[in-house]
Amino acid sequence: MIRTAVSLAAAALLLAACAAPTATTSAAGASQLCWVEFSRGEVPGALGAAGATRAVWPNTASGLLVRHPRGDVLIDAGWSANALAEMAELSPQKRPMAERVIGGLQWRLSAPEALRRAGHAPQSLAWILPTHTHYDHMGGAADLAPTPVLVAPAERAYLQAQLRTPDVVAASNIRAVSPRLRDIAFSARPYLGFDSSFDLHGDGSVVVVPLPGHTPRSVGVFVTLGTRRVFHIGDAAYVSEAIERGLPKSAQLRAFADDDGPATDAAVRRLAAFHREHPEIAIVPAHDREAWQALFGDAPRCIAANSGG
Ligand SMILES: [Zn+2]
């Protein structure tokens, strides 16, 4: 497994203290980091990466909720409540796989339901920050109006192209969310080896970096909570093993979901190198449930900044 910033034993102590979210503090920086789970399932391990060794890939669609005195942000919003019907809007080539994925889930919650289950009032979010705009990441934003949704301009152009030629994002979801889309304004300020970045709160607690390939402007998000740092990489890689061993996507899921295969391969190589340079930073692929468990123990859970780490 990719190393987390703290030992599992230390994490267990922290989690025992903060299984239920508490009020945000007035201290600067993020006060809590929470695992909000939208769905769970089991997928053949070979789909996780080309050359993956696990027989089964424990899969999740999850959101990372960062509670912050200057505004709470939900990184990835899961599925729309209308997700099943949305599958019928995808291209005929993509629909069977999408329906197989959603049909194989053990359970699925809407974004408001999952947030409430994690002890968070959906209407209190300041922002939604999808790592990219696919239905299992931006979909739930449709049910979280009027919260603004932060995406890079190139990702908005991708959505416009999807409207003209429906492929893997449902038009009804794009139309529901479009009025609330707000641009991420990347600056030329480097961050941990990335050439540009966007600091959401201006205090380094949530820093967005470009991670293109899976979609034209997929992003990765660094979250700093006290002394620990997490790097949410969206779908740049599906499982931690891909980062540890530099494994490319499986052919099947690459064909299904990657906008630019070579760019996605480059992103994986970059992340593998990043992991070697920064083994203390917990890298979290959006769909690898074991990586989320290593960080939080179980869902829904919150980690507090003032609990050590
Ligand atoms: Zn995904």
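One-based numbering, in listed order, for ligands and for the atoms of each. Sequence positions, counted from 1, serve as the residue numbers for this chain. Note: hydrogens, waters and symmetry copies are ignored here, and every other heavy atom, side chains too, is used.
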Value rounded to 0.5 Å, distance of CZ in Phe222 from CD1 in Ile281: 5.5 Å
N, O or S atom within His287 nearest to the Zn ion (ligand 1), by name: NE2
Would you say His137 reaches the Zn ion (ligand 1) with an N/O/S atom under 2.8 Å? yes
Please determine whether a side-chain nitrogen of the Lys or Arg among Lys249 and Asp235 lies less than 4.0 Å from a carboxylate oxygen of the Asp or Glu. no
Tell me which N, O or S atom of Asp136 sits nearest to the Zn ion (ligand 1). OD2
Report the atom name of the nearest N/O/S atom of Asp235 relative to the Zn ion (ligand 1). OD2
Check ion pair Glu99-Arg95 (N to O, under 4.0 angstrom): no
Is the terminal nitrogen or CZ of Arg40 (NZ for Lys, CZ for Arg) located under 6.0 angstrom from the six-membered ring centre of Trp292 and within 45° of that ring's axis? no
